[in-house]
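Computation of the quantities below employed the complete heavy-atom set of this structure, encompassing side-chain atoms and omitting hydrogens, waters and symmetry-equivalent molecules. Convention: sequence-line order gives letters A, B, ...; per-chain numbering from 1.
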Protein chains: 2
Amino acid sequence: MEVVVASQRKVGNLLGLAVLGYLVREPMHPYELGRLLKAHGEDRSIKFTHGSLYMVFGQLAKAGFIAEHETSREGQRPERTVYALTDAGRAELKDWMRELVAEPGHEYPRFVAALSMISALHPDEVAALLRDRLDALARRVGEAEAIVAGADAHPLFLVEEEYRIALLNAEVAFVRRFLERIEGWRPQWAAFHEGER
Amino acid sequence: MEVVVASQRKVGNLLGLAVLGYLVREPMHPYELGRLLKAHGEDRSIKFTHGSLYMVFGQLAKAGFIAEHETSREGQRPERTVYALTDAGRAELKDWMRELVAEPGHEYPRFVAALSMISALHPDEVAALLRDRLDALARRVGEAEAIVAGADAHPLFLVEEEYRIALLNAEVAFVRRFLERIEGWRPQWAAFHEGER
DNA sequence: TCTATCATGTAACCAGTTACATGATTTT
DNA sequence: AAAATCATGTAACTGGTTACATGATAGA
């Protein structure tokens with residue numbers, strides 16, 4: 001018997017969450033929603049492309065969380081289909097949000113994968129690469145802080161940026177500490193790479 | 001003209017990195033590698049299933065990073081194909097690792113998505129949910145620390161677990177701070193949810 | 001000896017990305 | 001008026017997941 005993963009949502013893509021969250025305010029057609037998401041910088045928090053957006057609308061409709069509201073045509077532009085949230089959709093939004101906030105999920109950041117294989121590189125090279133990473137991280141923090149400083153929204157709408165900053169700073173601290181510890185490990189670690197040219 | 005994303009590796013799945021990293025020591029067949037990865041707890045760092053493993057072996061072979069080494073049959077078990085790393089594979093491993101260590105990539109954690117939509121929930125409920133999250137995070141930290149404490153490997157082979165701990169602790173601090181700030185925002189935020197039943 | 005689990009792999013399905021299509025504006 | 005970009009959507013492709021298949025041991 002196979003393991004049955006819990007929380008098998010009909011639509012798993014987080015872009016679907018954003019769609020539900022925006023449609024709760026007013027019905028919209030996919031393209032318009034896409035522009036809104038970009039304008040609000042949601043693309044920093046949720047991965048999406050033009051294509052995935054239409055796909056997710058399709059999935060949500062099939063699952064009954066949204067439904068066609070009207071289909072209108074303006075001038076000779078392609079016909080556009082406006083979707084509205086259903087009651088099931090409203091329920092799903094709440095339920096999904098609750099799960100995401102209350103239950104941290106296991107994630108697989110790229111850096112973790114690299115760390116788990118880190119001995120594949122020579123310690124001296126790792127040290128140099130980590131210093132590059134520190135620079136890049138500092139730039140990231142700068143960008144995020146600029147966004148927070150330059151926005152005129154209520155801070156509630158910037159928490160995700162604050163969260164990013166917190167994690168980036170934690171990573172900076174970790175990398176610094178790692179760099180220090182490499183010193184002590186260097187002999188053994190380097191010996192492991194003897195005769196590699 | 002469309003944006004051409006840089007670093008278009010022939011194999012993008014991080015499971016491929018693990019395969020290269022293990023095959024650098026000795027040739028292996030997919031199933032064996034799978035057992036090894038599980039035994040070493042790599043499945044905490046890199047997402048993989050039985051199916052994705054065979055897929056990645058196929059991709060790596062097509063890309064020329066690994067090649068059939070021999071195909072043997074033991075008793076009447078299905079024939080198994082042992083793969084070995086090629087020179088191109090060795091180069092790819094190094095190059096990929098360098099990129100992953102030096103360049104932080106933009107990621108999309110689930111919690112960030114939820115935070116960006118957090119106003120969809122009532123502040124009182126958010127507070128309760130965040131307290132649940134704190135409990136869960138504490139458990140996670142405990143697990144990770146137990147792994148570090150209970151392992152007899154060189155600490156170099158536990159850095160990824162240390163990294164996880166660092167990020168978890170940063171998240172705990174962030175959530176605590178968020179909880180405090182909710183107090184001040186509560187009136188406006190709650191008003192936003194007036195008349196919802 | 002029947003049942004479960006291991007060992008090994010393939011095939012079918014689904015989700016996500018990229019490319020294509022086409023008329024309407026805007027810019028050069 | 002040609003070229004670019006916007007607006008809107010569909011179709012084709014590719015990568016990942018899930019389900020299926022099948023003989024070999026091991027446990028009840």
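- Regarding A:Gln8, its CD atom lies at a distance of 10 Å from the C1' atom of D:dT17, rounded to whole Å.
- In this structure B:Glu42 satisfies the salt bridge (Lys or Arg N to Asp or Glu O under 4.0 Å) test with no other residue, sequence neighbours excluded.
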What nitrogen or oxygen pairs link the protein and nucleotides 10-15 of chain D at under 3.5 Å?
none

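- The main-chain N or O of A:Leu121 is found under 3.5 Å from a side-chain atom of A:Trp189 such that the two form a donor-acceptor pair.
- When the side-chain nitrogen and oxygen atoms of A:Lys47 are compared with OP1 and OP2 of C:dT17, one or more of them lie within a distance under 4.0 Å.
- Across the protein-nucleic acid pair, B:Tyr83 atom OH and C:dT8 atom C1' stand 12 Å apart, rounded to whole Å.
- Using a distance-only test at 3.5 Å, with no hydrogens or angles considered, a donor-acceptor pair links the side chain of A:His106 to the main chain of B:Arg44.
- What separates OH of A:Tyr108 from P of D:dG16 is a distance of 14 Å, to the nearest Å.
- For the pair A:Val56 and B:Arg35, both in contact range of DNA chain C, the more 5′-proximal nearest nucleotide belongs to B:Arg35.
- As rounded to whole Å, 17 Å separates atom C1' of D:dT17 from atom CG of B:Asp43.
- The aromatic rings of A:His50 and A:Tyr54 sit perpendicular, their planes meeting at an angle over 60°, well past the 30° parallel limit.
- Spacing between atom CG of A:Leu53 and atom C1' of C:dT18 amounts to 15 Å, rounded to whole angstrom units.
- Separating the NE2 atom of B:His29 from the C1' atom of C:dA7 is a distance of 9 Å, rounded to the nearest angstrom.
- Heavy-atom neighbours of A:Arg181 CZ from other residues, nucleotides or ligands within 6.0 Å: above the threshold of 12.
- Proximity note for B:Ser52 (side chain, C-beta onward) versus D:dT17, D:dG9, C:dG9: the nearest is D:dT17.
- The CG atom of A:Leu33 sits 12 Å away from the P atom of D:dG9 (whole-angstrom rounding).
- A:His40 and A:Tyr22 have their aromatic ring centers within a separation under 6.0 angstrom.
- Distance, B:Lys38 NZ to C:dC6 P: 11 Å, rounded to whole Å.
- In terms of the ring pair (Phe, Tyr, Trp, His ring centres under 6.0 Å) criterion, B:Phe192 has no residue partners (sequence neighbours excluded).
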